[in-house]
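If you're wondering where the values come from, they're calculated on a predicted model, not measured in any experiment. Just so you know, these numbers use all the heavy atoms, side chains as well, and skip hydrogens, waters and symmetry mates.
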Amino acid sequence: MRYLVITPTEREYRNMSRAIEREGLSNSYTVVRSSVGKALAAANTTRAIMQADGDYDRVAVVGYAASTLDRKRGDIVAPRVARYHDCRIPGDFVPELTDPHPLLGHDDAVVWTGDSFVDAEIIAEVKERYGMKSGLFDMEATAICQAAELFDLPVVVVKMVSDVPEEGDTEHSYDEFVNAHTDFSLFVEYLENLR
């Protein structure tokens with residue numbers, strides 16, 4: 001299997017690049033840094049796919065994510081669905097923004113994408129608006145799904161829970177966690193075993 005691996009930040013890029021530098025992997029991996037945010041993630045994913053001229057079988061989005069209370073820092077989660085949480089339009093007006101995007105992950109979870117670093121107040125509002133109880137939050141996954149769909153490429157998202165804002169975590173908690181958790185071998189193992 002040929003993977004295009006998308007990592008939003010430089011730290012995630014370095015961690016994933018180090019993790020694939022080992023012998024005996026059954027898949028091939030090209031790691032690209034998308035940058036943070038929906039627009040850059042979609043643009044850089046599209047550019048990477050086009051430069052490879054159809055050379056990928058799947059897109060993998062790996063890195064850190066905030067979570068609701070049901071998970072703890074360090075958990076590895078591969079959601080089944082990606083959605084935007086910051087769209088304020090009726091669902092059937094612009095379905096490409098409000099519809100769920102299926103993922104190849106095995107966990108009964110949704111990764112919610114928006115243009116802001118979430119805090120407890122944003123999570124509470126998303127829970128109320130969508131009637132959800134749990135989820136992950138990032139700033140890229142759903143936009144990457146949209147870009148990959150243009151090329152009929154399936155997507156898997158694998159995230160490590162870096163912060164739980166409902167427990168009082170902030171951007172400082174995120175930074176401390178990310179600096180201390182740099183081993184991405186669990187991401188590689190997940191992708192190696194994904195069928």
Side-chain angles (χ1 to χ4, degrees), residues 1-65 67 74-84 95-97 99-114 135-162 178 181-195:
M1 193 70 58
R2 298 163 302 174
Y3 278 95
L4 170 62
V5 180
I6 305 294
T7 59
T9 69
E10 182 61 32
R11 288 185 284 193
E12 291 160 323
Y13 175 82
R14 279 194 317 266
N15 295 344
M16 190 63 182
S17 295
R18 273 195 303 263
I20 62 170
E21 290 176 354
R22 62 182 202 211
E23 302 280 329
L25 296 177
S26 60
N27 299 317
S28 68
Y29 301 95
T30 301
V31 183
V32 172
R33 184 174 154 271
S34 69
S35 294
V36 175
K38 297 185 291 192
L40 283 172
N44 286 320
T45 299
T46 301
R47 182 182 64 179
I49 294 169
M50 291 180 73
Q51 286 176 338
D53 198 25
D55 202 29
Y56 300 118
D57 301 305
R58 291 179 177 166
V59 174
V61 184
V62 303
Y64 305 103
S67 178
D75 285 353
I76 300 292
V77 185
R80 291 187 187 148
V81 174
R83 294 187 67 182
Y84 286 120
E96 61 270 20
L97 292 179
D99 283 354
H101 297 269
L103 301 170
L104 298 175
H106 295 120
D107 295 316
D108 187 19
V110 175
V111 58
W112 296 88
T113 299
L136 300 175
F137 293 86
D138 80 352
M139 297 171 70
E140 301 82 21
T142 306
I144 292 167
C145 288
Q146 288 178 308
E149 285 172 7
L150 297 172
F151 303 92
D152 296 318
L153 288 171
V155 178
V156 59
V157 174
V158 188
K159 296 286 189 169
M160 180 184 293
V161 175
S162 55
V178 168
H181 294 81
T182 60
D183 181 4
F184 274 31
S185 60
L186 290 173
F187 293 115
V188 176
E189 287 172 29
Y190 188 91
L191 296 175
E192 284 286 290
N193 293 310
L194 183 63
R195 299 292 162 240

Find out whether [X] and [Y] are in side-chain contact, i.e. whether some heavy atom of one side chain is under 4.5 Å from a heavy atom of the other.
{"X": "L25", "Y": "R22", "result": "yes"}
{"X": "V157", "Y": "L104", "result": "no"}
{"X": "K38", "Y": "M139", "result": "no"}
{"X": "S35", "Y": "N44", "result": "yes"}
{"X": "V5", "Y": "V32", "result": "no"}
{"X": "D108", "Y": "R80", "result": "yes"}
{"X": "V178", "Y": "E12", "result": "no"}

Separation between [atom1] of [X] and [atom2] of [Y], rounded to the nearest 0.5 Å:
{"X": "S17", "Y": "F184", "atom1": "OG", "atom2": "CZ", "result": "10.0 Å"}
{"X": "L191", "Y": "L186", "atom1": "CG", "atom2": "CG", "result": "11.0 Å"}
{"X": "M1", "Y": "S28", "atom1": "CE", "atom2": "OG", "result": "10.0 Å"}
{"X": "R83", "Y": "W112", "atom1": "CZ", "atom2": "CH2", "result": "4.0 Å"}
{"X": "C145", "Y": "I6", "atom1": "SG", "atom2": "CD1", "result": "11.0 Å"}
{"X": "I49", "Y": "T30", "atom1": "CD1", "atom2": "OG1", "result": "11.5 Å"}

- Message: What verdict does the side chain to side chain contact (heavy atoms under 4.5 Å, CB included) test give for T113 and I144, after you've listed the backbone C-alpha separation in whole Å, the side-chain angles of each residue and the deciding distance to 0.1 Å?
- Response: CA-CA 10 Å; T113 299; I144 292 167; over 6 Å; no
- salt bridge (charged side-chain N to carboxylate O under 4.0 Å, His left out) pairs touching residues 137-148, sequence neighbours excluded, are D138-K159
- Any salt bridge (charged side-chain N to carboxylate O under 4.0 Å, His left out) involving residues 47-65? Give me the pairs, sequence neighbours left out, ordered by first then second residue. R2-D55, R2-D57
- Task: Using modelled atom types only, decide if a donor and an acceptor are shared between the side chain of T7 and the backbone of S34 within a distance under 3.5 Å.
- Result: no
- Message: Can a donor-acceptor pair be found, under 3.5 Å and without considering hydrogens, that links the side chain of Q51 to the backbone of A48?
- Response: no
Looking at every heavy atom in both [X] and [Y], which two are closest together, and how far apart are they?
{"X": "A42", "Y": "A143", "value": "CB-O, 3.9 Å"}
{"X": "V155", "Y": "A148", "value": "CG2-CB, 3.5 Å"}
{"X": "A78", "Y": "D107", "value": "N-OD2, 2.7 Å"}
{"X": "V188", "Y": "Y29", "value": "O-OH, 4.1 Å"}
{"X": "S185", "Y": "A19", "value": "N-CB, 3.9 Å"}
{"X": "V77", "Y": "A109", "value": "CG1-CB, 4.0 Å"}

Going by distance alone, is a donor N or O of one side chain under 3.5 Å from an acceptor N or O of the other, for [X] and [Y]?
{"X": "E192", "Y": "Y3", "result": "no"}
{"X": "N15", "Y": "Y13", "result": "no"}
{"X": "Y84", "Y": "Q146", "result": "yes"}

- Query: Residues in side-chain hydrogen bond (donor to acceptor under 3.5 Å, both in side chains) with H106, at least two apart?
  - Reply: Y190
- Report the C-alpha distance between V158 and V156 in whole Å, list the side-chain angles of each, state the deciding distance to 0.1 Å, and finish with yes or no for side chain to side chain contact (heavy atoms under 4.5 Å, CB included). CA-CA 7 Å; V158 188; V156 59; 4.0 Å; yes
- Task: Applying side chain to side chain contact (heavy atoms under 4.5 Å, CB included), run through V31 and V62 and close with a yes or a no.
- Result: CA-CA 10 Å; V31 183; V62 303; over 6 Å; no
- Between Y64 and F137, ring centroids under 6.0 Å: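 Between Y64 and F137, the centre distance exceeds or equals 6.0 Å.
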